[in-house]
Asker: 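Encoded as structure tokens, here's the structure I'll be asking about.
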Amino acid sequence: SGIVSDVLFAMGLVLVGEAKLAASAGEIPRLLAALKRRAADCPALADKRLVFALWILRPPASRRDKAVFGPEEVIANSG
């Protein structure tokens with residue numbers, strides 16, 4: 001499922017992400033590339049600065065991409 005945050009949309013910054021139940025480390029580059037392609041196809045995002053993120057309930061142990069978040073990061077940064 002796709003998630004687009006319009007909190008900072010008026011300022012030209014948009015968070016674009018996708019939530020997954022699980023993904024392997026090998027799938028991360030493909031998932032991020034697909035997310036970027038879909039965002040590039042969205043005319044409303046053409047002049048915006050995009051920040052990409054993947055929220056993965058069961059993330060791979062060896063996640064090296066700073067755009068990947070597991071439940072522990074979401075909870076730790078929620079307040």
Side-chain angles (χ1 to χ4, degrees):
S1 67
I3 300 168
V4 178
S5 171
D6 64 353
V7 173
L8 299 173
F9 191 81
M11 296 172 54
L13 181 65
V14 178
L15 174 63
V16 180
E18 187 163 350
K20 295 286 192 186
L21 290 176
S24 70
E27 291 176 297
I28 302 295
R30 180 186 58 78
L31 291 170
L32 284 171
L35 187 61
K36 291 175 182 180
R37 277 193 309 275
R38 288 195 310 270
D41 290 340
C42 181
L45 302 178
D47 60 343
K48 305 298 180 190
R49 188 171 132 227
L50 306 179
V51 176
F52 296 93
L54 292 174
W55 294 275
I56 304 174
L57 181 61
R58 293 183 297 276
S62 62
R63 54 194 145 149
R64 296 186 179 134
D65 197 299
K66 64 181 181 176
V68 177
F69 299 90
E72 62 280 356
E73 289 95 0
V74 174
I75 296 300
N77 295 311
S78 67

Asker: Residues in side-chain contact (heavy atoms from CB on, under 4.5 Å) with Ala39, at least two apart?
Answerer: Val16, Leu45, Leu50, Phe52

Asker: Nearest heavy-atom pair of Ala67 and Leu32: which atoms, and what distance?
Answerer: CB-CD2, 4.0 Å

Asker: Closest heavy-atom contact between Ala23 and Pro60?
Answerer: O-CD, 3.1 Å

Asker: Out of curiosity, Trp55 CH2 to Lys20 NZ, how far, rounded to the nearest 0.5 Å?
Answerer: 13.0 Å

Asker: With sequence neighbours excluded, tell me which residues meet side-chain contact (heavy atoms from CB on, under 4.5 Å) with Ala34.
Answerer: Arg37, Arg38

Asker: Working to the nearest 0.5 Å, report the span between CD1 of Ile28 and CD1 of Ile56.
Answerer: 3.5 Å

